[in-house]
Amino acid sequence: MPNAAATVVSRLRAIVGDANVLTAPADVEAYVNDWRGRYHGTTRAVVRPATTQQVSEVMTACADASVALVPQGGNTGMCGAATPDASGEEVVLSLARMRAIRGLDAANATITAEAGVTLAAVQEAAAQAGLLFPLSLGSEGSCTIGGNLSTNAGGTAVLRYGNARDLVLGIEVVLADGRIWNGLRALRKDNTGYDLKQLFIGSEGTLGIVTAAVLKLFAAPRTRVTALAAVVDVSHAVALLRAMKQALGDRLVGFELVSGVALQLSRKHHPDLPDPLPGHPWYALLQIDDSASDAKLAALVEGALAEAVGGGVAVDATIAQSHEQAQRLWALRDNISEAQRREGPNIKHDISVPISAIPAFVDDTAAAIADAFAGAQLVVFGHLGDGNLHYNVAAPPGVEAQSFLSRTRQVNRLVHDRVVAAGGSISAEHGIGQLKREELAHYKAPLELELMRRVKAALDPRGLLNPGKVL
Ligand code: FAD
Ligand code: MLT
Ligand code: ZN
């Protein structure tokens, strides 16, 4: 008599159909490796349910057989959180077939989307209704709403609209025992006890499986200005941010910092992209939106930037003259990650500190890295408006990348000790996954870790949901 774990795959086939249970190595390959090529696992099967009911039945079947599940959306995450382990026993639960938009309520300014809908598809549905879903990531064509919520994604419009967590009114979740919690409320006010949805948001698939969500929509921008400014150092970038906030108020949607090194790396891999202000050490990319048709917005931005240049805050600045020019400026910024992937392995950090502490953090950390690892290459960029930098460290020229990676813990200490000393976070927007589990255990207060473990034990007492991630 075969045991339950051995027969679980046939039970999964009965739930979702043969075509949606993948086991052949070639079929599962895309699901068991992360996009950066840093994490590789194996799986008993990839199961692809199409409905919440099927997810519930899949979860129940796995719970009955004591088989662990790894939820997966677009598999664009940065921390190996959607990659199964090497045992070959875990099941990958892909939500990619759950891609219905269940409804859009223009008067309530909400959209209800299933977990597997890509972020771009939600943005598009909102735009068709004359509204805006503001979450914006370089991966938006592939990442999914389930993944965005489960990682509490950030991106380039947090300054104005907040993180994914701020954009959710309700969720539907399949619990570890297979029961379905329908929390799809579309309310902006609901003080009926604990805000349970927020427990699942940012939990990286370790507490429940998100199957759908009610998301907030906003007035669509009718006027958009995109500008690039060059500055001499990061403290001037912070001063520019402050000046632009003062001049533009909440029309300032995004304020991205890009080092000259990062910009040139992006251009190295996309030589067709422009270099409108060549030769500067740091740049800020700004997006300014207004929901009114306002022909004067460009002049306002131009005036504010001219004042910044005149006052020595910025060295130079340029404003995109067309939608295409704006897209090309954003492509320079959005392609940095992909350029880094092509360049080879590097040690990534996704940190946040109070914005006022960023200049000293950048200077001190660069000096410490230069002392300890002469010639190490820093690729620094990110969401300065949110105090969030991607502080990436690559091997010195001539040092083999893999041997540099063996120093990861030492590099992490140099960077993360300074982050924590500045009152910051070792993971601003990418989460913990497997990449930062050790760092979390090192830096998080024991009481916070204990509370997290208690929440995990309450919602997933048998440890079947994404084991080995986060905690
Ligand atoms: P996956 O990678 O598939 O999964 C991520 C985590 O969520 C895993 O723990 C997984 O188990 C869990 N999960 C997925 N779906 C569900 C579900 N339905 N229920 C429960 N758990 C689930 N991130 C940012 O925050 N800001 C950025 O600016 C940004 N830019 C990026 C740019 C590029 C080019 C790339 C490749 C990635 C970028 N990312 C960014 C990272 C990534 O896109 C986000 O973390 C995204 O939210 C992941 O979504 P996904 O659907 O790909 O999730
Ligand atoms: C970004 O802001 O581009 C992302 O978070 C990706 C990265 O850090 O590489
Ligand atoms: Zn980012």
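For ligands, and for the atoms within them, numbers begin at 1 and follow the listed sequence. Remember, it's a predicted structure, so these values are computed and weren't measured experimentally.
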Engineer: Heavy atoms only: give me the nearest Ile101-Ala121 pair and the separation to one decimal.
Structural biologist: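 The answer is CD1-O, 4.1 Å.
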Engineer: With a 4.0 Å cut-off, would you call Glu343 and Lys268 a salt bridge?
Structural biologist: yes
Engineer: Counting only heavy atoms, tell me which of Cys143, Gly141, Ala81, Gly80 gets closest to atom 49 (O) of ligand 1.
Structural biologist: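 Nearest heavy atom to atom 49 (O) of ligand 1 lies in Cys143.
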Engineer: Give the residue and atom name of whichever protein heavy atom lies nearest to atom 5 (O) of ligand 2, and the separation in Å to one decimal.
Structural biologist: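 For atom 5 (O) of ligand 2, the nearest protein heavy atom comes out as His430 NE2, 2.6 Å.
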Engineer: Should Asp34 and Arg38 count as an ion pair when the cut-off is N to O under 4.0 Å?
Structural biologist: no
Engineer: Can you pull out the closest protein heavy atom to atom 53 (O) of ligand 1? Residue, atom name and distance to 0.1 Å, please.
Structural biologist: Gly147 CA, 3.4 Å
Engineer: Any idea which atoms of ligand 2 are less than 4.0 Å away from a heavy-atom of His383?
Structural biologist: 2 (O)
Engineer: Could you tell me which atoms of ligand 2, counted from 1 in the order shown, lie closer than 4.0 angstrom to a heavy atom of Met78?
Structural biologist: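 Close to Met78: 6 (C), 7 (C), 9 (O).
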Engineer: Side chain, backbone, both or neither: which part of Leu95 has a heavy atom under 4.0 Å from ligand 1?
Structural biologist: side chain
Engineer: Can you confirm whether or not the ring centre of Phe361 sits under 6.0 Å from the ring centre of Tyr391?
Structural biologist: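 Under 6.0 Å, so yes.
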Engineer: Just to verify, which of Thr156, Leu149, Asn148, Val158 counts as forming a side-chain contact (heavy atoms from CB on, under 4.5 Å) with Leu135?
Structural biologist: Asn148
Engineer: So, are Arg11 and Asp64 salt-bridged, with charged N and O less than 4.0 Å apart?
Structural biologist: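 Here Arg11 pairs with Asp64 in a salt bridge, since their nearest N and O are under 4.0 Å apart.
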Engineer: How about Glu29: does its CD atom have over 12 heavy atoms from other parts shown lying under 6.0 Å from it?
Structural biologist: no
Engineer: Without swapping roles, check the side chain of Asp166 against the backbone of Asn163 for a donor-acceptor pair under 3.5 Å.
Structural biologist: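 Side chain of Asp166 to backbone of Asn163: a pair is present.
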Engineer: Please work out whether the ring planes of His430 and His390 are parallel, tilted or perpendicular, with thresholds of 30° and 60°.
Structural biologist: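 It falls in the parallel class, under 30°.
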Engineer: Given Ile145, which partner from the list Val122, Val168, Ile171 fulfils the side-chain contact (heavy atoms from CB on, under 4.5 Å) test?
Structural biologist: Val122
Engineer: Which of the atoms of ligand 2 are close to Ser337, meaning less than 4.0 Å from one of its heavy atoms?
Structural biologist: 3 (O), 6 (C), 7 (C), 9 (O)
Engineer: Measuring from the Zn ion (ligand 3), count protein N/O/S atoms under 2.8 Å, please.
Structural biologist: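 Atoms of protein N, O or S type lying less than 2.8 Å from the Zn ion (ligand 3) total 3.
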Engineer: Provide, to 0.1 Å, the distance between atom 32 (C) of ligand 1 and the closest protein heavy atom, together with that atom's residue and name.
Structural biologist: Ser139 N, 3.6 Å
Engineer: Does Arg102 pair with Glu114 as a salt bridge, N-O distance under 4.0 Å?
Structural biologist: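 Yes, this pair counts.
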Engineer: Taking only heavy atoms of Ala153 into account, list the atoms of ligand 1 that are under 4.0 Å away from them.
Structural biologist: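 Answer for ligand 1: 25 (O), 47 (O).
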Engineer: Numbering the atoms of ligand 1 from 1, which are under 4.0 Å from a heavy atom of Gly205?
Structural biologist: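 Near Gly205, meaning under 4.0 Å from one of its heavy atoms, ligand 1 has 20 (C), 21 (N).
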Engineer: So which heavy atom on Ala125 is nearest to which on Leu104, and how close?
Structural biologist: O-CD1, 3.7 Å
Engineer: Run the numbers for me: atoms of ligand 1, each under 4.0 Å from some heavy atom of Thr144, listed by number.
Structural biologist: 50 (P), 51 (O)
Engineer: Verify, without hydrogens or angle tests, whether Glu256 (side chain) and Leu286 (backbone) share a donor-acceptor contact under 3.5 angstrom.
Structural biologist: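 No; zero donor-acceptor contacts below 3.5 Å.
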Engineer: Could you tell me whether Trp35 approaches ligand 1 through its side chain, its backbone, both or neither, with non-hydrogen atoms closer than 4.0 Å?
Structural biologist: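 For Trp35, the contact with ligand 1 is made by the side chain alone.
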Engineer: Nearest to atom 28 (O) of ligand 1, what protein heavy atom do you find, and at what distance?
Structural biologist: Gly155 CA, 3.4 Å
Engineer: For the atom pair CG (Leu93) and CD (Gln72), what is the distance rounded to the nearest 0.5 Å?
Structural biologist: 9.5 Å
Engineer: Does any N/O atom on Thr76 come nearer than 3.5 Å to any N/O atom on ligand 1?
Structural biologist: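 Among all N and O atoms of Thr76, at least one is under 3.5 Å from an N or O of ligand 1.
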Engineer: Is the shortest distance from a Lys or Arg side-chain nitrogen in Glu448 or Arg453 to a carboxylate oxygen in the other one below 4.0 Å?
Structural biologist: no
Engineer: At less than 4.0 angstrom from any non-hydrogen atom of Asn466, what atoms of ligand 1 do you find?
Structural biologist: 9 (O), 11 (O)
Engineer: Please report which non-hydrogen protein atom sits nearest to atom 46 (C) of ligand 1, along with the residue it belongs to and the distance in Å to one decimal place.
Structural biologist: Asn148 ND2, 3.5 Å
Engineer: Assess Met78 for proximity to ligand 1: is some non-hydrogen atom of it under 4.0 Å away?
Structural biologist: yes
Engineer: Salt-bridged, Asp289 to Arg224, with N to O below 4.0 Å?
Structural biologist: yes
Engineer: Do any heavy atoms of Glu338 fall under 4.0 Å from ligand 1?
Structural biologist: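 For ligand 1, residue contact (heavy atoms, under 4.0 Å) with Glu338 is absent.
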Engineer: Measure across Arg437 and Val470 and return the closest heavy-atom pair with its distance rounded to 0.1 Å.
Structural biologist: CG-O, 3.1 Å
Engineer: Check whether any side-chain N or O of Asn346 sits under 3.5 Å from a backbone N or O of Val393 as a donor-acceptor pair, and report yes or no.
Structural biologist: no
Engineer: Could you tell me whether ligand 1 has any atom less than 4.0 Å away from a heavy atom of His383?
Structural biologist: yes
Engineer: Scan side-chain atoms only and decide if Gln264 and Asp275 contain a donor-acceptor pair under the 3.5 Å cut-off.
Structural biologist: yes
Engineer: Show the atoms of ligand 1 that are less than 4.0 angstrom away from any heavy atom in Gly208.
Structural biologist: 20 (C)
Engineer: Can you tell me which residue and heavy atom of the protein come closest to atom 2 (O) of ligand 1, and the distance to 0.1 Å?
Structural biologist: Gly77 N, 2.8 Å
Engineer: Side chains of Ser66 and Arg462: donor-acceptor distance under 3.5 Å anywhere?
Structural biologist: yes
Engineer: Answer side chain, backbone, both or neither: which part of Thr151 comes under 4.0 Å from ligand 1, heavy atoms only.
Structural biologist: side chain
Engineer: Between Leu332 and Leu263, what is the shortest heavy-atom contact and its length?
Structural biologist: CD1-CD1, 4.1 Å
Engineer: In ligand 1, which numbered atoms sit nearer than 4.0 Å to a non-hydrogen atom of Ala115?
Structural biologist: 18 (N)
Engineer: Among all protein non-hydrogen atoms, which one is nearest to atom 50 (P) of ligand 1, and what is the separation to 0.1 Å?
Structural biologist: Gly74 N, 3.4 Å
Engineer: Checking a contact table here: which protein heavy atom is nearest atom 23 (N) of ligand 1, and how many Å away?
Structural biologist: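 So the nearest neighbour among protein heavy atoms is His430 CD2, 3.7 Å.
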Engineer: So does Asp195 pair up with Lys197, basic N to acidic O under 4.0 Å?
Structural biologist: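 Salt bridge present between Asp195 and Lys197.
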Engineer: Near Leu137, which atoms of ligand 1 are under 4.0 Å from a heavy atom of that residue?
Structural biologist: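 So the atoms of ligand 1 that pass are 24 (C), 26 (N), 27 (C), 28 (O).
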Engineer: Take every heavy atom of Gln340, measure it against each atom of ligand 2, and state whether any distance is under 4.0 Å.
Structural biologist: no
Engineer: Using distance alone, decide if ligand 1 has a nitrogen or oxygen within less than 3.5 Å of any nitrogen or oxygen in Gln72.
Structural biologist: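 In fact, backbone or side chain, Gln72 has no N or O that close.
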Engineer: Look at atom 1 (C) of ligand 2 and find which of Arg333, Arg341, Lys348 reaches it with the closest heavy atom.
Structural biologist: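 Answer by nearest heavy atom: Arg333.
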Engineer: Evaluate Ser142 for polar contact with ligand 1, using N/O atom pairs at a separation under 3.5 Å.
Structural biologist: no
Engineer: What atoms in ligand 1 come closer than 4.0 Å to a heavy atom of Ser150?
Structural biologist: 7 (O), 12 (C), 13 (N), 16 (C), 17 (C), 19 (N), 20 (C), 21 (N), 22 (C)
Engineer: What protein heavy atom sits nearest atom 25 (O) of ligand 1, and how far away is it?
Structural biologist: Gly154 N, 2.9 Å
